[in-house]
Amino acid sequence: MSKNASFEEIGEVLRQYDSFAVVSHVRPDGDAIGSILALGHALEGLGKKVRYLNEDGCPESLEFLPGSELVEVSSEAKDVEIEVAITLDTAAHTRVGESSLAAISGAKVLINIDHHISNPGYGDLNLIDDKSPATGQIIYDLLTALDLPISEISRDSIYVAVSTDTGSFQYPGTTQRTYEMAADLVARGLNVGEINSLTYDSQPYRKVELLRSLLNTLERSVDEKLVWWELHNETKERLGLIDDDTEGMIDFIRSVKGVVVAVFFEELDGGKIRVSMRSKDRRVNASEICGIFGGGGHALAAGIRMPGPIEDAREKVLAELRKTIEQL
Ligand code: 5GP
Ligand code: MN
């Protein structure tokens, strides 16, 4: 991995140039959208021109975030003339997506800010902190270190980025600094009850129907350490699901007592299979196991896009997991 840039080195680029694109990974989650909004709005506060890009735009579940209307679907973004592109929360260059990569291809400088251990450091400047539980927390560190403006939009976006990536400040990666950051955001006027309600208590009904159909496919290994369920194209069509609807679902089976690894298999358009994996034991490194199949992520949360059919993908991934779990 290439050497990290310092906050100051990144600050110099932020101050020196006038036009920026902030970009995050395909199928963005709260950390991806929250991080681009938080950093982008701070740059706007410095008087910079900012484009907010994502291959898939802003998911419906995050549209409550003020500023989310600024996020453009990359394939529809016109005249993206920018000097600096900043990828956020994006573990691999290709995870930016084809249209986003095309949109930022004219950038003179690429900055890569992320918290994934598997990030190879593909930027001209890289800021990769795998000790940070969310990219949003790195953005908070960057903005405070450089004394950049934290507007209400940046404040709320950072909170949602970190809250969603830490399972509401619960996962083991949550640090003292995370709580201090949250306290500071509250001191800056963040309304905790309101933002949590908008984030977690405003689900569409079809997500409950999705849960029902996933439960019908639920399976558990004999030793009870491995659980998995799967989502078929037919179910997606029947329920009118959008990509974002599966977000967070795996936490239901991850939470079961005795479970070491939970896996979610999903059919994607075009025949590929999305694998979403959660480990509860550091000795079973989800990022490494997903890496065997070309995926990646974090030790406890990782994913893969792999060839189908779903039965083959499932058996291959479960076989690797069984091998690792047997050695515990
Ligand atoms: P999720 O299961 O929530 O989609 O993703 C969990 C983590 O794994 C995220 O941090 C995400 O960046 C990473 N991840 C998910 N899918 C892939 C993938 O196909 N390739 C890589 N390299 N990382 C992934
Ligand atoms: Mn993240």
Spacing of Arg274 atom CZ and Thr246 atom OG1 [to the nearest 0.5 Å]: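 Separation between the atoms: 4.5 Å.
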Rounded distance (nearest 0.5 Å) linking atom CD of Glu69 with atom CG of Leu37: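 Rounded to the nearest 0.5 Å, the CD-CG separation comes to 8.5 Å.
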Whether His298 and His115 hold their rings parallel, tilted or perpendicular, with breakpoints at 30° and 60°: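 It falls in the tilted class, 30° to 60°.
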[X]-[Y] side chain donor-acceptor pair, cut-off 3.5 Å:
| X | Y | answer |
| --- | --- | --- |
| Asp89 | Ser35 | no |
| Glu266 | Ser276 | no |
| Ser100 | Ser74 | yes |
| Tyr52 | Glu44 | yes |
| Ser154 | Ser157 | no |
| Asn196 | Tyr159 | yes |
| Ser68 | Glu63 | no |

Using atom types as modelled and distance alone, determine if a side-chain donor or acceptor of [X] lies under 3.5 Å from a backbone N or O of [Y].
| X | Y | value |
| --- | --- | --- |
| Asp124 | Leu110 | yes |
| Lys280 | Arg254 | yes |
| Ser287 | Gly297 | yes |
| Thr144 | Tyr140 | yes |
| Asn126 | Gly123 | yes |
| Ser105 | Ala102 | yes |
| Arg155 | Arg188 | yes |
| Gln137 | Ser132 | no |
| Thr90 | Leu88 | yes |
| Lys236 | Glu267 | yes |

Heavy atoms from other residues, nucleotides or ligands near CD of Glu9 exceed 12 (cutoff 6.0 Å):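 Above 12, so yes.
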Heavy-atom neighbours of Glu152 CD exceed 12 at 6.0 Å: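 At most 12 heavy atoms, drawn from other residues, nucleotides or ligands, come within 6.0 Å of this atom.
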Less than 4.5 Å apart, side chain to side chain, heavy atoms only: is that true for [X] and [Y]?
| X | Y | answer |
| --- | --- | --- |
| Ile242 | Asp245 | yes |
| Ile86 | Leu14 | yes |
| Asn285 | Ser279 | no |
| Leu127 | Phe7 | yes |
| Val261 | Ile289 | no |
| Leu211 | Phe252 | yes |
| Phe264 | Ile253 | no |
| Asp29 | Thr164 | no |

Worked verdict on Lys316 versus Asp312 for salt bridge (Lys or Arg N to Asp or Glu O under 4.0 Å): CA-CA 6 Å; Lys316 283 180 189 154; Asp312 291 1; 5.4 Å; no
Stepwise salt bridge (Lys or Arg N to Asp or Glu O under 4.0 Å) check, Arg177 with Asp141: CA-CA 10 Å; Arg177 174 121 191 96; Asp141 289 341; 2.7 Å; yes
Heavy-atom closest pair, residues Glu83 and Asp18: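 Minimum heavy-atom contact is OE1-N, 2.8 Å.
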Cluster overlap Phe265 with Leu241, hydrophobic side-chain contacts below 4.5 Å: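 Shared cluster, no.
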Lys/Arg N to Asp/Glu carboxylate O, Arg206 vs Glu209, below 4.0 Å: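 Not counted as a salt bridge, because no side-chain N and carboxylate O are separated by less than 4.0 Å.
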